[in-house]
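First the structure, in the form of structure tokens, and then the observations on it.
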Amino acid sequence: MPVLGKIRTRFEKERPFQGLTIGMCMHLEMKTAVLGQVLQAGGAKVAITGSNPLSTQDDVAAALAASGPSVYAWRGVTESEHQENLSSVLAHRPDILIDDGGELSVTVHTTITDLKSKIIGACEETTTGVHRYKAMERERVLAYPVIAVNDAYTKYLFDSQHGTGQSALEGIMRATNMLIAGKTVVVAGYGWVGRGIALRAKGFGAKVVVTEVDPIRALEAAMEGYQVMTMSSAAKVGEIFVTATGCKDIIVAEHFNKMRDGAILANSGHYDVEIDVKSLRKLAIASKAVRYNVEEFTLADQKRLYLLAEGRLVNLAAADGHPAEVMDMSFANQALAAEYLVKNRGKLERRVYPVPLEMDQQIARLWLEVHDIAIDALKDEQQQYLKSWR
Ligand SMILES: NC(=O)c1ccc[n+]([C@@H]2O[C@H](COP(=O)([O-])OP(=O)(O)OC[C@H]3O[C@@H](n4cnc5c(N)ncnc54)[C@H](O)[C@@H]3O)[C@@H](O)[C@H]2O)c1
């Protein structure tokens, strides 16, 4: 992660977080551990927990703990353990939060409310978290400024699209060892995550079907060569389903009933609410684990459906998450956004802010530079030409 490495070198000298505590709630895998260490190198005390029960890698958590940060995470936490871990991170009385899904801030706003006035601000990693923070802003309850790291170009264009696209397919392949070529893959949601998954599935030779509720995104999918249909119709033809909407109840009982024998069900959205696993359990007359991360459900008509990673983010639960090259940019945004909050302490309102464009562009330039990619620069005459209406 050379971009983050450069930031680390500067942080070591400047110590922007000296005397501050940073509380993190993120998928605790290798790249996140590097971010924790970079923040620590910048002078912060770091306390961290995982943001999903199946995305913590225990060896990484142990190694991170050995390097200094306070770590409260292990694979397979229950909901109540997750809540306890969030409280343990907040017990360090953080000044800055780095959140994935808004988990830490929701806890601060609902239960550990005396922390509200201490927190300088928060940085949010994912679309679902940004939605939650915007809802807090709309209801005028947001207690501190938030930087929507997810919405930086150098995050969603690469991490959400190419990172999740590749790693979701990797998760499905590792879990099932199935051939993708020739299969019908149904992708629910054609946002940044969905389009990445659709593109990679197509690249492996799948016939890709997209379901959407947004007419413009549906149109984009159609013109990019995918079949667009309702989930009701897609349920009958799909062999592999991947949800990526950030919404709930995308695949429910009516769809399970229509599916073909052997259909594979995976989710890549933030929460495990996209595939209605409760209904699947009710409909099934039997279920058993058939491979690591694969559960087989037999329905009354003897049809078998296969759920991957309990319906939780398949790319993190059944693979290693996004490759380091894209997380280098996402976490450079996190590191610089946290520094920005400190530098602008007291000057920002209780709002959700975008990552400043100059910061986004600086990260893109650094990434190109460390990967030896040169680009042209506008000449003065060209700049004049572009500005002129004559
Ligand atoms: N697995 C990962 O590592 C990872 C990475 C990034 C984001 N995410 C998560 O993935 C989800 C999607 O993120 P995104 O950035 O692509 O969001 P997005 O808002 O860009 O796209 C979501 C798309 O889903 C569509 N949609 C919403 N409800 C739908 C429904 N009922 N049926 C069909 N389509 C529907 C929306 O119209 C939109 O086009 C979020 O939960 C986000 O937090 C996961």
Side-chain angles (χ1 to χ4, degrees), residues 25-29 31-32 50-52 54-55 99-103 124-134 148-172 186-200 209-222 224 226 228-235 238 241-252 254-255 266-276 308-309 311-323 326-327 329-331 333-334:
C25 172
M26 305 198 95
H27 301 297
L28 215 179
E29 40 80 35
K31 286 78 74 183
T32 310
S51 56
N52 187 281
L54 297 187
S55 65
D99 231 348
D100 191 341
E103 298 278 295
E124 173 52 49
E125 174 70 10
T126 198
T127 311
T128 287
V130 172
H131 287 166
R132 294 179 94 182
Y133 277 113
K134 286 195 173 157
V149 166
N150 177 73
D151 297 352
Y153 292 113
T154 47
K155 197 281 183 182
Y156 71 81
L157 286 178
F158 309 100
D159 159 325
S160 305
Q161 185 172 211
H162 299 297
T164 321
Q166 175 171 320
S167 59
L169 264 293
E170 188 184 357
I172 294 167
V186 177
V187 180
Y190 199 67
W192 295 105
V193 171
R195 69 189 58 203
I197 296 170
L199 186 64
R200 299 301 158 214
V209 172
V210 168
T211 72
E212 249 300 341
V213 289
D214 179 323
I216 296 177
R217 285 190 155 171
L219 197 54
E220 278 186 282
E224 277 156 25
Y226 304 109
V228 178
M229 57 180 87
T230 61
M231 184 55 82
S232 231
S233 304
F241 293 80
V242 196
T243 51
T245 68
C247 184
K248 65 172 190 167
D249 299 339
I250 304 305
I251 304 182
V252 296
E254 90 161 271
H255 305 125
N267 166 50
S268 205
H270 190 74
Y271 285 115
D272 59 338
V273 295
E274 306 211 13
I275 300 170
D276 184 0
L308 307 192
R312 299 186 187 276
L313 313 119
V314 71
N315 61 318
L316 282 142
D320 288 306
H322 302 171
V326 289
M327 293 319 288
M329 282 189 275
S330 302
F331 288 166
N333 274 292
Q334 286 288 8

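Order of appearance sets the numbers: ligands from 1, and atoms from 1 within every ligand. When reading the values below, keep in mind they use all heavy atoms of this one structure, side chains included, and skip hydrogens, waters and symmetry mates.
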- [ ] Number the atoms of ligand 1 from 1 as they appear, then name those within less than 4.0 Å of a heavy atom of C247, with their elements.
- [x] 28 (N)
TODO: Tell me which part of A244 gets within contact of ligand 1: side chain, backbone, both or neither, using heavy atoms under 4.0 Å.
DONE: backbone
Task: Identity and distance of the protein heavy atom lying nearest atom 44 (C) of ligand 1 - done: S268 O, 3.2 Å
TODO: Would you indicate which of V210, T127, V273 comes nearest to atom 14 (P) of ligand 1 when only heavy atoms are counted?
DONE: T127
Open item on the list: Tell me whether R195 reaches ligand 1 (any heavy atom closer than 4.0 angstrom to a ligand atom).
Closed with: no
- [ ] For the residue pair V210 and E224, establish whether any side-chain heavy-atom pair is separated by less than 4.5 Å.
- [x] no
Task: ligand 1 versus H27: contacting region, heavy-atom distance under 4.0 Å - done: neither
Open item on the list: Strictly below 4.0 Å, N to O, side chains only: are R195 and E220 in salt-bridge contact?
Closed with: yes
TODO: Report the nearest protein non-hydrogen atom to atom 29 (C) of ligand 1: residue, atom name, distance rounded to 0.1 Å.
DONE: V213 CG2, 3.6 Å
TODO: Please report which non-hydrogen protein atom sits nearest to atom 9 (C) of ligand 1, along with the residue it belongs to and the distance in Å to one decimal place.
DONE: H270 N, 3.6 Å
Open item on the list: Is the contact between L316 and ligand 1 made by the side chain, the backbone, both, or neither, using heavy atoms and a 4.0 Å cut-off?
Closed with: side chain
Open item on the list: Can you give me the closest heavy-atom contact between D159 and S330, atom names plus distance?
Closed with: OD2-OG, 2.7 Å
Task: Shortest reach to atom 25 (C) of ligand 1 by a heavy atom, considering only E220, H131, E212 - done: E212
- [ ] Would you mind checking which non-hydrogen protein atom is closest to atom 16 (O) of ligand 1, with the distance to 0.1 Å?
- [x] V193 N, 2.9 Å
Open item on the list: Taking distance alone, with N or O pairs closer than 3.5 Å, would you say T128 contacts ligand 1?
Closed with: yes
Task: Nearest non-hydrogen partners of E125 and N150, listed with the distance - done: O-CB, 3.3 Å
TODO: Select the closest option to atom 21 (O) of ligand 1 among G191, S167, G189, judged by heavy-atom distance.
DONE: G191
Open item on the list: Nearest non-hydrogen contact with atom 19 (O) of ligand 1 belongs to which option: K248, M231, R217?
Closed with: R217
- [ ] Measure N315 to ligand 1 on non-hydrogen atoms and call it side chain, backbone, both or neither using the 4.0 Å cut-off.
- [x] side chain
Open item on the list: I'd like to check whether W192 has a polar contact with ligand 1, where a contact means an N/O of the residue lying under 3.5 Å from an N/O of the ligand.
Closed with: yes
- [ ] Do me a favour and list the nearest non-hydrogen protein atom to atom 10 (O) of ligand 1 with residue, atom name and distance?
- [x] G269 CA, 3.5 Å
Open item on the list: Show the nearest heavy-atom pair for residues A188 and M231, with the distance to one decimal.
Closed with: CB-CE, 3.8 Å
- [ ] Tell me which protein heavy atom sits closest to atom 5 (C) of ligand 1, plus the residue, atom name and distance to 0.1 Å.
- [x] T164 OG1, 3.3 Å
Open item on the list: Tell me if the OH atom of Y271 is crowded by more than 12 foreign heavy atoms within 6.0 Å.
Closed with: yes
- [ ] Compare every heavy atom of V130 with every heavy atom of A148, then report the nearest pair and how far apart it is.
- [x] CB-CG2, 3.9 Å
- [ ] Starting from atom 42 (C) of ligand 1, locate the nearest protein heavy atom and write down its residue, its atom name and how far away it is, to 0.1 Å.
- [x] T126 OG1, 3.4 Å
- [ ] For residues P323 and K31, report the shortest heavy-atom separation together with the two atoms involved.
- [x] C-CE, 4.3 Å
Task: Heavy-atom proximity to atom 31 (N) of ligand 1, best of T245, I250, N52 - done: I250
- [ ] Examine ligand 1 and decide if any of its atoms is less than 4.0 Å from a heavy atom belonging to S160.
- [x] yes
Task: Residues, nucleotides or ligands: over 12 heavy atoms within 6.0 Å of Q166 CD - done: no
Task: Closest non-hydrogen atom pair, E212 against G191 - done: OE2-N, 4.0 Å
